[in-house]
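Below, chain A is the first sequence line, B the second, and so on; all start at residue 1.
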There are 2 protein chains.
Amino acid sequence: MVDSQQCPHDSRVSCTDCVLNSICLPIALEAEDIVKLDEIVARGRPLQKGDHLYRQEDEFSSIYAVRSGSMKSYTVTDDGQELVTGFYFPGEILGMDGIGRNRHASSAKAMETVSVCEIPFDNLGALSQKIPSLQQHCFQLMSQEIIDDRQLLALLSKCQAEERVATFLLSVSARKARNRLSATHFRLPMSRADMGNYLGLTVETISRVLSKFQKSKLLAVDNKEISIADICALKELSALRFE
Amino acid sequence: MVDSQQCPHDSRVSCTDCVLNSICLPIALEAEDIVKLDEIVARGRPLQKGDHLYRQEDEFSSIYAVRSGSMKSYTVTDDGQELVTGFYFPGEILGMDGIGRNRHASSAKAMETVSVCEIPFDNLGALSQKIPSLQQHCFQLMSQEIIDDRQLLALLSKCQAEERVATFLLSVSARKARNRLSATHFRLPMSRADMGNYLGLTVETISRVLSKFQKSKLLAVDNKEISIADICALKELSALRFE
DNA sequence: AACAATACTTGATATAAATCAATTCGTAGA
DNA sequence: TCTACGAATTGATTTATATCAAGTATTGTT
């Protein structure tokens, strides 16, 4: 059990024993209900970098929780442009945008080796019917996603490049910290291009902003490794708060 | 009954008889379940222009359906800037962003005289527990809100001013049409400032774009009245699709 | 280990939209 | 009805970031 807690890739670990259960779907559940949730969760083999978990327009059947690694979601617009809509770290849920139309509204791709838990949605709906706190939690997760999107919307429509990048780095930092990893030293799993795409900026702008932050000693950049040196200054740059 | 169908301000009209029931919450329900929904819906007196339905940080207790008139929702960021997050027309649901944290994440203000139906969320949750299709519909509504936000995100991060304005006008047009009103001649209830704020543009830019559209005979603008003359050309300008 | 392909950085220039400024137009209040 | 204040328009100028371009570093493949 202790062993499996230390190996999040391990597909045998149950929700009850998962290190992530304090931030994942089980957050709202009693021990006995977690067992019920556990029964419907499927844990497949890990995805390799570049693999898709699902594709836009695929029939929707499940939502997914990241157990280890990281994923990105993106949509392709009518005119063929790719739009990165989100990044997902361990304990985070993706795929909820497929519920409304019964097909996935985005594609999800592994940015590195990833293991996920699959939660069949028919079953989750039925289980939510029986466990009020699970239904409530599903509502909350979706509502939170709306709030997060709104926050991003604010970032894109009101803030300029430096603010956007600072806010993004703080968001990643907070999510690493929530997973009990360092808040100041971490690896960005996405390319500069994906980061720029997500933030509505070009690769060049991302690169310039990071260089500028480095010059002003806010942080050190070593390719994808980021060391935040002055998190307070970064927070001042970022008008929006992240918890 | 026929009378009340023609008077959406009338607070006595039930969900069963409401002209909007084909696009509002009851969409997924059997006749007998609509009666149950109807029992929990509260219909208060109309709001006057400028009145708030709820304010950011208010305790969350209900979601609302617009019966007549139109509302805007907005958040105020830490640094005091207002960010318009949405406009709501008859049959549309607002307030769902409050579910996640049990307090409203935005404020909702009447742009003109408005009447709304209040749906207490505790009750809706409990009722959803009993009526699977209602739970499913609630999930769908929220998921749709996520999709809509993503679409706006795409608009803000990838499209320039003319595209944004064209897309916005088409969105309003489609929603008017859904309410069986003219798709080509309608009144924009919001100010240019709110429109710009929502689209991440300044008032001046909105004004210039509308003038330009008018000069190129795409539409005629008479203050807040819009007459779309060439909806196809407008759709070409707008990369994104609206149903 | 060498190579190709891709990702990233940095600089020069162009451009869309913001900002600043001055009227004009509407609407609400006296 | 007149007045005044906010809303909208239009023009001149500035500016942030995109675009274009060239080079360097990293990664994956044989």
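Atom CE of Met111(B) and atom P of dA7(D) are 14 Å apart (whole Å). As a whole-Å value, the separation of Arg208(B) CZ from dT23(C) C1' is 14 Å. Rounded to an integer number of Å, the gap from CZ of Arg187(B) to P of dA7(D) is 14 Å. With rounding to whole Å, Lys49(A) atom NZ is found 9 Å from dT27(D) atom P. If you take CG of Asp194(B) and P of dA7(D), they are 9 Å apart, rounded to a whole angstrom. Asp222(B) has its CG atom 10 Å from the P atom of dT9(D), to the nearest Å. In this entry the distance linking CG of Leu210(A) with P of dT10(C) reads 10 Å, nearest Å. Atom-to-atom, CD of Glu204(B) to C1' of dT14(D) comes out at 14 Å; the value is rounded to the nearest Å.
Contacts of Ile206(B) with the nucleic acid, taken as non-hydrogen atoms under 4.0 Å apart, are absent. Nucleic acid contact for Gly196(B): none, since no nucleic acid atom lies under 4.0 Å from a heavy atom of the residue. Here Gly200(B) lies in heavy-atom contact (under 4.0 Å) with sugar-phosphate atoms only. Among the protein residues, Lys224(A) comes within range of the sugar-phosphate backbone only, with heavy atoms under 4.0 Å from sugar or phosphate atoms but none that close to a base.
Not one side-chain nitrogen or oxygen of Thr202(B) sits closer than 4.0 Å to the OP1 or OP2 atom of dA17(C). Regarding contacts with the backbone of dT10(D), a side-chain N or O of Ser211(B) is found under 4.0 angstrom from either OP1 or OP2. Not one side-chain nitrogen or oxygen of Thr205(A) sits closer than 4.0 Å to the OP1 or OP2 atom of dA16(D).
The nucleotide whose nearest atom lies closest to any side-chain atom of Gln160(B) is, among dT19(D), dA17(C), dT9(D), dA17(C).
Taking the centre and axis of the six-membered ring of Tyr74(B), the NZ or CZ atom of Lys72(B) falls inside the cone set by 45° and 6.0 Å.
Side-chain contact, Thr85(B) with Thr75(B): no donor N or O sits under 3.5 Å from an acceptor N or O. A donor atom on one side chain and an acceptor atom on the other are not found under 3.5 Å apart for Glu163(A) and Ser238(A). Counted by atom type alone, Ser106(A) and Ser73(A) present zero donor-acceptor pairs between their side chains at under 3.5 Å.
Panel note: side chain Glu57(A), backbone Arg103(A); no donor-acceptor pair is recorded below 3.5 Å.
Each of Val203(B) and Arg164(A) lies near DNA chain D, and the nucleotide nearest Val203(B) is the one positioned closer to the 5' end. Looking at which nucleotide of DNA chain C each of Ser191(A) and Asn223(B) is closest to, the 5′-most match is held by Ser191(A).
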